[in-house]
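Letters A, B, ... mirror the listed sequences (proteins, then strands); counts begin at 1.
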There are 2 protein chains.
Amino acid sequence: MSLPQPVSDLTAHLGFWLRIVSNHVSQAFAAKLAAREVTVAEWSLMRVLYGREPMAPSRLAEEMGLTRGAITRLADRLIAKSLILREASAADGRAQTLALTDRGSALVPHLAALADRNDAEFFDDLSLAERETLERLLKSLAQRSHMSATPIA
Amino acid sequence: MSLPQPVSDLTAHLGFWLRIVSNHVSQAFAAKLAAREVTVAEWSLMRVLYGREPMAPSRLAEEMGLTRGAITRLADRLIAKSLILREASAADGRAQTLALTDRGSALVPHLAALADRNDAEFFDDLSLAERETLERLLKSLAQRSHMSATPIA
DNA sequence: TGCATTCAGTTGACTAGGAAATTATATCCG
DNA sequence: CGGATATAATTTCCTAGTCAACTGAATGCA
């Protein structure tokens, strides 16, 4: 039975700290959205639809970084809450379109305000310069690795 | 039917960029671990046990930020892979302890090397100064909001 | 002592996502 | 034209969490 060899500490990784902070910010946001009975994924889909033409599920899947199967079910939930509508495409018998209902559209600004508030809550006591630096570094990392897609999970 | 009022852009939020980058880093790590047939949660549990005394599931739950139910199931999977052992506590008839098997213990350094490599892959083309800044900002955010617990999700 | 309460862990019901199979429609081309 | 192939969405099955109910053991106090 050999003694364990030393391995790098978890906290040595930037990825570790990134995940801690990101998870906390997201969970705090989820808690705020819960007051409106909306999940982060639901908010995200609604935000993509907001102010745009009715959109194919496949396009939403692409923009949100989810599978089409996930979009089908997410849409089902939002339809059940009367926040979006699904309609068959006139042009293509296979295609569907998703669009916000009036109720859904009216809700988005309120949810956006929660997003603003959540961001402020975590980042407002960084200095302006620090916030700018953080944003610059994150965007540069995102660009380098060709990260796209609205992140959900 | 009213026109949608302008709402803040998604990409205006630091939380958005944080989540994008964090998700990508985590997914890349998950892909590396998959080669060893281990998930991020499994790695995380093994890393907590590594080099320590057998530990109660409830303690792991606390350190990892998961429920006890989640630990029960996560432990079941690791036991099925012969990476950890579950034993009844001698002192307390309700209690169990979890510990790495020799096989599990031997695997940890290899997984830690994957973690090192993953972190390097994403962050090594930031300058040293930039990495230090990012680490400082993330740690300061974590501290301010009393974030603890190994993040999994 | 003995019964209520607390505590550790597990389990069942549920949520939410992915991968792959499935269904229905559209397109391409011989 | 009509069959092969491609495409859009959905569905099925699987994984992995949560919450809350449950089981059995320990504790506490009348």
Looking at dT18(D), I'd like to know if its phosphate oxygens (OP1 or OP2) sit under 4.0 Å from a side-chain N or O belonging to Thr67(B). yes

Between atom CD1 in Ile79(A) and atom C1' in dT10(D), what is the gap in whole Å? 12 Å

Polar contact flag, side-chain donor to acceptor under 3.5 angstrom, Arg68(B)-Thr72(B): no

With Glu132(B), which residues qualify under salt bridge (Lys or Arg N to Asp or Glu O under 4.0 Å), at least two apart? none

Hey, does the side chain of Ser58(A) come within less than 4.0 Å of dA8(D)'s phosphate (OP1/OP2), counting only N and O? no

Report the C-alpha distance between Glu53(A) and Arg59(A) in whole Å, list the side-chain angles of each, state the deciding distance to 0.1 Å, and finish with yes or no for salt bridge (charged side-chain N to carboxylate O under 4.0 Å, His left out). CA-CA 12 Å; Glu53(A) 293 299 307; Arg59(A) 173 122 189 237; over 6 Å; no

Atom CZ of Arg73(A) to atom C1' of dC13(D): distance rounded to whole Å? 10 Å

So if I take residues 29-39 of chain A and measure heavy-atom distances to DNA chain D, which residues fall below 4.0 Å? none

Sequence-distant partners of Arg103(A), salt bridge (Lys or Arg N to Asp or Glu O under 4.0 Å), two or more places apart: none

Side-chain N,O (Arg59(A)) to OP1/OP2 (dA8(D)) below 4.0 Å: no

Arg73(B): what forms a salt bridge (Lys or Arg N to Asp or Glu O under 4.0 Å) with it, not counting sequence neighbours? none

Check ion pair Glu63(B)-Arg52(B) (N to O, under 4.0 angstrom): yes

Indicate yes or no for a side-chain donor-acceptor contact from Ser44(A) to the backbone of Val40(A) under 3.5 Å, with no hydrogens or angles considered. no

How many whole angstroms separate atom CG of Leu60(B) from atom C1' of dT10(C)? 16 Å

Sub-3.5 Å donor-acceptor pair from the side chain of Arg77(A) to the main-chain atoms of Thr39(A), do we have one? no

Between the protein and nucleotides 20-29 of chain D, are there any N/O to N/O pairs under 3.5 Å, and if so, what are the atom names and distances?
| unit_1 | atom_1 | unit_2 | atom_2 | d |
| --- | --- | --- | --- | --- |
| dA26(D) | OP1 | Gly93(B) | N | 2.8 |

Given Phe123(A) and Val25(A), is the side chain to side chain contact (heavy atoms under 4.5 Å, CB included) satisfied, shown in steps? CA-CA 10 Å; Phe123(A) 301 108; Val25(A) 173; 4.1 Å; yes

Length of the CG-P vector between Leu98(A) and dA9(D), whole Å: 8 Å

Rounding to a whole Å, what distance do you find between Met55(A):CE and dA8(D):P? 15 Å

What nucleic acid atoms does Arg77(B) come within less than 4.0 Å of, heavy atoms only: base, sugar-phosphate, or nothing? sugar-phosphate

CD1 of Ile71(B) versus P of dT11(C): gap in Å, rounded? 15 Å

Just need the stems in DNA chain C: three or more back-to-back Watson-Crick or G-U pairs, each with both distances under 3.5 angstrom, sorted by first number. C:1-30 with D:1-30

Integer-rounded Å distance: dA16(D) P and Lys81(B) NZ: 7 Å

If you only use heavy atoms from C-beta on, which nucleotide in dT10(C), dA9(D), dG18(C) is closest to the side chain of Thr72(A)? dA9(D)

Please give, in whole Å, the distance from dG17(D) C1' to Asp76(B) CG? 14 Å

Verify the cluster assignment for Leu85(B) and Leu49(B): are they in a single hydrophobic cluster under the rule of side-chain heavy atoms below 4.5 Å apart? no

Any donor-acceptor N or O pair under 3.5 Å, side chains Ser140(A), Arg136(A): no

